[in-house]
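Have a look at the structure below before the remarks.
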Amino acid sequence: MLNRVKVMVCGKEYMLQTEEAPSYVYGLAKMLDKKINDISVSNSSISQYSAAVMVALSILDDLNKAQINVENVRSQAKEYVDEAGKARIERDAALKEIQVLKSKLEQYENNDKLKKLKDTI
């Protein structure tokens, strides 16, 4: 369901349709308005339009860097999963080898007992 949300940015009213909660959209509009006003106040010769473009570029830069970081984390997580899979396979092989060695040891011990019993008879 689409929500109709009216927000104010730089003194101008915008009617938006969104699936997001109105409180979330109000928060975004408030942050955007603050960022634009901060740039406008710090340099009075910059128009609100130019300030909005600067904010947009800054936000796109942040988004791009965040996407790169997310991809790096995904890649690293995949490597960890792959390493864990290899370690699990190695562990399973080691457990099988331990079982084989235990069985051989038991055979040797039984053979030794039989040999000693044979020698005592």
Side-chain angles (χ1 to χ4, degrees):
M1 180 178 115
L2 290 178
N3 295 312
R4 292 178 56 87
V5 182
K6 188 188 308 184
V7 297
M8 293 283 289
V9 177
C10 297
K12 188 169 180 185
E13 193 174 277
Y14 297 90
M15 180 60 74
L16 307 173
Q17 288 187 352
T18 179
E19 292 182 1
E20 302 295 339
S23 60
Y24 176 75
V25 178
Y26 293 139
L28 291 177
K30 187 175 179 180
M31 284 191 302
L32 178 59
D33 189 58
K34 182 179 180 342
K35 286 179 180 278
I36 293 170
N37 284 330
D38 286 349
I39 290 175
S40 296
V41 167
S42 70
N43 189 341
S44 59
S45 67
I46 293 178
S47 69
Q48 283 187 335
Y49 176 80
S50 294
V53 169
M54 292 172 74
V55 169
L57 287 171
S58 174
I59 291 170
L60 284 173
D61 178 49
D62 291 345
L63 174 63
N64 189 48
K65 288 175 181 173
Q67 287 173 332
I68 290 169
N69 287 339
V70 165
E71 189 53 41
N72 288 339
V73 168
R74 280 188 185 133
S75 176
Q76 194 172 33
K78 183 185 179 316
E79 287 177 23
Y80 291 155
V81 168
D82 291 346
E83 287 175 16
K86 289 176 186 175
R88 188 177 308 116
I89 289 169
E90 290 173 2
R91 182 208 61 196
D92 292 346
L95 289 174
K96 286 179 185 177
E97 186 175 348
I98 288 170
Q99 286 301 96
V100 168
L101 291 173
K102 281 182 178 179
S103 177
K104 284 183 180 181
L105 179 61
E106 189 177 324
Q107 281 180 332
Y108 290 140
E109 287 172 346
N110 287 337
N111 286 341
D112 188 46
K113 286 178 186 176
L114 283 174
K115 186 178 178 186
K116 286 180 183 178
L117 184 59
K118 184 178 175 185
D119 288 344
T120 58
I121 295 181

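FYI, the numbering just counts along the sequence from 1.
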Rounded distance [0.5 Å steps], [atom1] in [X] versus [atom2] in [Y]:
X: N3; Y: Q17; atom1: CG; atom2: CD; answer: 9.5 Å
X: M31; Y: K34; atom1: CE; atom2: NZ; answer: 11.5 Å
X: L117; Y: N110; atom1: CG; atom2: CG; answer: 11.5 Å
X: Q99; Y: K104; atom1: CD; atom2: NZ; answer: 13.5 Å
X: E83; Y: K78; atom1: CD; atom2: NZ; answer: 11.0 Å

Sequence neighbours excluded and cut-off under 3.5 Å, please list the side-chain donor-acceptor pairs for residues 48-67, or say none.
residue	atom	partner	partner atom	Å
S50	OG	S47	OG	3.2
D61	OD2	K65	NZ	3.1

Worksheet, complete the sentence: V7 and Y26 have their tightest heavy-atom pair at CG1-CD2, 3.7 Å
Response to the item:
Here the pair of heavy atoms bringing N37 nearest to C10 is OD1-SG, 4.4 Å
Worksheet item: Is the closest side-chain heavy-atom distance between R4 and L16 below 4.5 Å?
Response: no
Discussion item. Tell me every residue that passes salt bridge (charged side-chain N to carboxylate O under 4.0 Å, His left out) with D119, counting only those two or more places apart in sequence or in another chain.
Written reply: none
Fill in: Criterion side chain to side chain contact (heavy atoms under 4.5 Å, CB included) on L105 and E109, from CA distance to verdict
CA-CA 6 Å; L105 179 61; E109 287 172 346; 3.8 Å; yes
Item to complete: Mark yes when over 12 heavy atoms from residues, nucleotides or ligands other than Y24 sit less than 6.0 Å from its OH; otherwise mark no.
Response: no
Worksheet item: Looking at D38, L28, V9, which one forms a side-chain contact (heavy atoms from CB on, under 4.5 Å) with D33?
Response: V9
Worksheet item: Are the charged groups of R88 and D92 less than 4.0 angstrom apart, N to O?
Response: no
Worksheet item: Going hydrophobic residue to hydrophobic residue with side-chain gaps under 4.5 angstrom, can you get from V25 over to Y14?
Response: yes
